[in-house]
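What you see is a predicted model; the values in this text were computed from it and never measured. Order of appearance sets the numbers: ligands from 1, and atoms from 1 within every ligand. Heavy-atom basis, side chains included; hydrogens, waters and symmetry copies ignored.
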Amino acid sequence: MKFQPKASHFIDGEYVEDTAGAPIDVVYPATGEIIARLHSATPAIVDRALAAAKDAQKAWEAMTGTERGRVLRRAADIMRDRNHELSVIETHDTGKPIQETTVADATSGADALEYFGGLAPSLTGEHIPLAGGDFAYTIREALGVCVGIGAWNYPTQIACWKGAPALACGNTMVFKPSETTPLSALKVAEILVEAGAPKGVYNVVQGYGDVGAALVTDPRVAKVSLTGSVPTGRKVYAAAAGGMKHVTMELGGKSPMIVFDDADVENAVSGAILGNFYSSGQVCSNGTRVFVQEGIKEAFLTRLAERLAKARIGDPMDPEVSFGPVVSQGQMEIVKGYIAKAVAEGARLVFGGRQLDRAGFYLEPTVFADVTDDMTIAREEIFGPVMSVLDFASEEEVMARANATEFGLAAGVFTRDLSRAHRVVRGFEAGTCYINTYNLAPVEAPFGGSKMSGIGRENSKLAINHYSELKTVYVSMNDVEAPY
Ligand code: NDP
């Protein structure tokens, strides 16, 4: 098989196989054909990976930040050099168009490796002057072994967004990709070793949820970072709490995007397209509830339909194709279920709505108008190419409705009125907000959710706090006074 890796897992600097694990078939979403067969990790493999990470951790932390940073920056260079090869793998793993994977996956992973590689030498504690000449100082220490668990929409990016800050701080990692997209994390591990990472610093094990659960509960693990759905997040958070482990949770959303009458229609339509149909809608921060003010509604819907008609749907390996299949048969059925429910509940289908008559898991980009807050498609995360357009009249009304959700990942506003834009984002109950754009996630800025959408932040200097802890040292310059 064309995309068959050397083995299923990458442990202690090398590929490792154990065919006793349940088979994992990797399916190319554009055709439905099996392109690789891997095996889920057995308990022996999980143990071996955690032991390797544990063994490697102290020596990795003992290296200087400059040395660790150099490894990460070298890995970033290798990823960029191999961008084409990695993008082809990512397209076959996820079905995302090569047009997207070439600019948003290995490149985004390389950005994270470069950014945290650059930060590594400057990670320090501080000196705190105290009364009588006493002082305290803090030492920034690694947490230990970190577990990363990924979703299937951005497998390379997630492997790097978790690995890069973890390794920069002197932790080691065992990463478990989603079993739907297991191929690219192996490449990340390979590249880190080629860049000079000592063996055991970054390990990859494949597996279903049970493997993730075994990793999360192991006493050798100090931290768990999950990208996944809210139900999985709840389980993983609870399991981690048993061992008082640190967590980062990047979970799902049902984010609002508000388009006011005075918005630039073309920009608002572009934002709505990016925030609903990029990666066939399989992006956690998507603005899937598009609130459009009454005065601009018809212009917005007309232009949206015209622009969507230009989407090039087809073979994701064709560089001209801008819209590919969804990730799996299962995901396609879930999305079709939501489309049927929307029709049954009275939403007006204004674009798409059908499965394409061809092999693979292709759905049309789909838009519903006249959606109301109580409809299922306005309340639940669909994770597919379905946009809900909802009407609104006033700012006050739309803010209350935008926030009336358990999720709080992202939110966006399109308006030419600057004060309104800032007032609106101040009012959003969401971790990542956009003014006159949508869904950009540069490594320099914190990314993450509030409410049920997550705990902690990825990217930016803030991520360092989630992969290290401070040891406080009190130093006395005086005699010790005791009461008796
Ligand atoms: P899931 O929650 O189904 O799975 C996420 C990962 O967790 C998978 O690797 C899964 O393994 C694993 N897992 C499942 N059960 C357990 C368990 N009990 N203990 C430990 N690990 C477990 O999400 P999907 O893969 O379906 O991804 C889609 C979801 O991810 C959406 O809700 C989306 O919003 C969210 N997401 C959030 C992002 C963010 O940054 N906020 C970014 C991207 C996606 P397996 O797949 O083998 O079951």
Side-chain angles (χ1 to χ4, degrees), residues 8 21-26 38-41 46 93-94 96 104-105 108 112 147-162 174-182 185 204-218 221 224-242 245 247-255 278-288 326-328 330-332 334-335 380-384 405-410 430-432 439 441 446-459 463:
S8 299
I24 296 174
D25 286 341
V26 187
L38 283 72
H39 292 271
S40 182
V46 170
D93 223 0
T94 62
K96 296 190 292 182
D105 292 280
S108 160
V147 160
I149 301 178
W152 39 256
N153 56 346
Y154 282 84
T156 309
Q157 183 186 83
I158 294 170
C160 294
W161 279 21
K162 299 189 188 311
V174 177
F175 185 81
K176 188 202 88 67
S178 164
E179 95 278 353
T180 311
T181 52
V204 175
V205 297
Q206 308 295 346
Y208 297 95
D210 60 322
V211 173
L215 290 169
V216 171
T217 47
D218 193 282
V221 172
V224 181
S225 177
L226 169 81
T227 296
S229 62
V230 170
T232 303
R234 244 195 224 112
K235 276 190 240 166
V236 171
Y237 197 3
K245 297 176 202 298
V247 294
T248 299
M249 297 279 145
E250 293 293 350
L251 309 177
K254 190 74 204 175
S255 301
Y278 202 71
S279 301
S280 295
Q282 302 162 117
V283 181
C284 52
S285 48
N286 271 356
T288 46
V326 297
V327 76
S328 63
Q331 190 61 20
M332 183 172 71
I334 290 172
V335 179
E380 296 181 11
E381 181 179 48
I382 299 173
F383 228 60
T405 168
E406 62 169 5
F407 299 109
L409 186 52
T432 309
N439 255 0
F447 179 84
S450 53
K451 293 160 81 175
M452 292 302 284
S453 292
I455 298 283
R457 293 291 178 267
E458 295 200 293
N459 290 342

Hey, which atoms in ligand 1 end up nearer than 4.0 Å to a heavy atom of [X]?
| X | result |
| --- | --- |
| I149 | 6 (C), 7 (O), 9 (O), 12 (C), 20 (C), 21 (N) |
| G212 | 19 (N), 20 (C), 21 (N) |
| G252 | 32 (O), 34 (O) |

Please determine whether the number of non-hydrogen atoms from other residues, nucleotides or ligands lying under 6.0 Å from atom OH of Y208 exceeds 12. yes
Is [X] close to ligand 1, meaning an N/O of one under 3.5 Å from an N/O of the other?
| X | result |
| --- | --- |
| E179 | yes |
| E381 | yes |
| G150 | yes |
| W152 | yes |

Would you indicate whether the side-chain heavy atoms of [Y] and [X] approach each other to under 4.5 Å?
| X | Y | value |
| --- | --- | --- |
| I158 | N153 | yes |
| W152 | T94 | no |
| T180 | Q331 | no |
| V46 | V211 | yes |
| Y237 | I455 | yes |

Measuring from the heavy atoms of [X], does anything fall under 4.0 Å of ligand 1?
| X | answer |
| --- | --- |
| Y154 | no |
| G207 | yes |
| G454 | no |

Return the minimal non-hydrogen interatomic distance between [X] and [Y], and the atom names on each side.
| X | Y | answer |
| --- | --- | --- |
| P182 | V26 | CG-CG2, 3.6 Å |
| E406 | K451 | O-CB, 3.2 Å |
| C160 | A112 | O-CB, 4.1 Å |

Region of [X] engaging ligand 1 - heavy atom pairs below 4.0 Å:
| X | answer |
| --- | --- |
| T227 | both |
| Q282 | neither |
| T180 | neither |
| L251 | backbone |

Do S225 and K162 have a side chain donor and acceptor closer than 3.5 Å? yes
Which residue and heavy atom of the protein sit nearest atom 22 (C) of ligand 1, plus the separation: T232 CG2, 3.7 Å
When the aromatic ring centroids of W161 and F447 are compared, is their separation below 6.0 Å? yes
Selected option - heavy-atom contact closest to atom 18 (N) of ligand 1, from M249, R234, K176, K235: K235
Looking at A151, G228, C284, the heavy atom closest to atom 35 (C) of ligand 1 belongs to G228
